[in-house]
Amino acid sequence: MSPDNQYCPRCFTPLGQPAVTPGLPTYRVRGIGLAAIVAVGATAVLYLAVVLSSLIGMAMARRAMASENPDLLRLAAIIVAVIALIMTVVHLTAAVLVIIWTWRARKNTDAFPGAEPAFGPGWAIAGWLVPFANFVVPARVVAAVARDSLWRRATPAIVAVWWCSWLVFSVGERLASRADDRAYEKLPEIPFDDAGYQAYADMYQDSLLRSALPALGCVIAAVTLILLIRRISAAQEARIAGATPQWPTGPVWPAQTWPAAGAAQPAAAAQSAAAAQSAAAAQPDPAAQPAAEVPGAAPPS
């Protein structure tokens, strides 16, 4: 950029600052990001399985009505409960991995010159756990991490899409779950006529309709969060790797220093001059040697 600018016009990094401030710790985010991506994708798939399990309940309720076998209703309830339990375990695992990834990614931005985080690294964890704050704080933390990691001043639109869809899923899933519980409590424990069996089939059908909107929000939130984790992790890893110093390939002894490139030729010239002086000093002076004797000539006085 032009030296007239004190900051980068795109990301506001101060002029002359390195990509990563030396001496500040950074953390790897690619591995934990990959684990979070797998867990988030599995959560979305299992939630869709929970929603579609209502179809199994509807089919088994109608078979129970045709055969007048209430045990099929209990079997349908067990199948739905097992799928929901598995989804809950995977969902909690994904939440832990996403929180760890968010904390590491937020901590790395402390080493990025020009970064302007909205909250401290602690809020990357507490923001998900504090009531009412978890409706706003996680989105602002991730938005700041996305800006500082992707060299942008404006928040990427994908962050808003992710958070809105996540709120639709989170709030809608709780409301639908409570409505399902109230509807299940009104059902007869053992149906004695077709109306009782039909009440079970209607309950599963209503549950499917109530969960349609949260399921859509879950899919959109999972896809956008996966894209965010991939982009932010790749950008931070590349930035940190680009700031790693490249050391010489040869052996370096503890007391050895590496001369500058311009100082190599004067040093070689000085060594050559010293060697020439040593060779000249080693040769004897011709004036100091005795004169050779000539036959028939008188010796010098």
Side-chain angles (χ1 to χ4, degrees), residues 39-99 126-139 161-225:
V40 169
T43 301
V45 172
L46 287 173
Y47 184 73
L48 291 179
V50 171
V51 173
L52 296 178
S53 65
S54 297
L55 296 175
I56 300 177
M58 292 172 56
M60 298 188 70
R62 291 170 182 171
R63 291 183 63 181
M65 181 174 58
S67 60
E68 296 184 356
N69 184 6
D71 292 338
L72 294 177
L73 298 177
R74 300 188 185 94
L75 180 59
I78 292 174
I79 293 175
V80 173
V82 169
I83 298 176
L85 178 61
I86 297 175
M87 190 278 298
T88 302
V89 173
V90 176
H91 188 192
L92 293 176
T93 303
V96 172
L97 293 175
V98 169
I99 289 175
W128 293 95
L129 306 177
V130 177
F132 300 105
N134 53 11
F135 286 94
V136 179
V137 174
V161 176
W162 160 66
W163 191 245
C164 291
S165 58
W166 163 257
L167 291 179
V168 170
F169 162 67
S170 181
V171 176
E173 191 274 334
R174 293 181 183 180
L175 295 178
S177 178
R178 292 178 181 178
D180 291 343
D181 292 340
R182 289 194 298 266
Y184 190 82
E185 291 176 356
K186 296 179 181 179
L187 295 175
E189 184 177 355
I190 300 177
F192 296 98
D193 52 10
D194 292 346
Y197 288 103
Q198 187 62 39
Y200 276 88
D202 293 341
M203 186 271 297
Y204 285 116
Q205 182 177 1
D206 294 340
S207 176
L208 180 63
L209 295 176
R210 282 190 292 263
S211 302
L213 184 59
L216 179 61
C218 178
V219 172
I220 297 176
V223 172
T224 51
L225 181 57

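Note that the structure is predicted; figures quoted are calculated from it, not measured.
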With a 4.5 Å cut-off on side-chain heavy atoms, are [Y] and [X] touching?
X	Y	answer
Cys218	Trp166	no
Val130	Val137	no
Val80	Ser54	no
Phe135	Ser170	no
Asp202	Met58	no
Ser211	Tyr47	yes
Asp181	Ser177	yes
Leu55	Leu208	yes

Closest non-hydrogen atom pair, [X] against [Y]:
X	Y	answer
Val168	Gly217	CG1-CA, 4.4 Å
Met203	Arg210	O-NH2, 4.3 Å
Ser207	Asp180	OG-OD2, 3.0 Å
Tyr197	Glu68	OH-C, 3.5 Å
Val51	Ala215	CG2-CB, 4.2 Å
Pro191	Leu73	CG-CD1, 3.6 Å

Quick one: [atom1] on [X] to [atom2] on [Y], what's the gap to the nearest 0.5 Å?
X	Y	atom1	atom2	answer
Ser53	Met87	OG	CE	9.5 Å
Arg63	Leu72	CZ	CG	6.5 Å
Leu48	Ile83	CG	CD1	11.5 Å
Leu92	Leu97	CG	CG	11.0 Å
Leu225	Trp163	CG	CH2	10.0 Å

Derivation of the side chain to side chain contact (heavy atoms under 4.5 Å, CB included) call for Asn134 and Leu129: CA-CA 6 Å; Asn134 53 11; Leu129 306 177; over 6 Å; no
Stepwise side chain to side chain contact (heavy atoms under 4.5 Å, CB included) test for Leu46 and His91: CA-CA 9 Å; Leu46 287 173; His91 188 192; over 6 Å; no
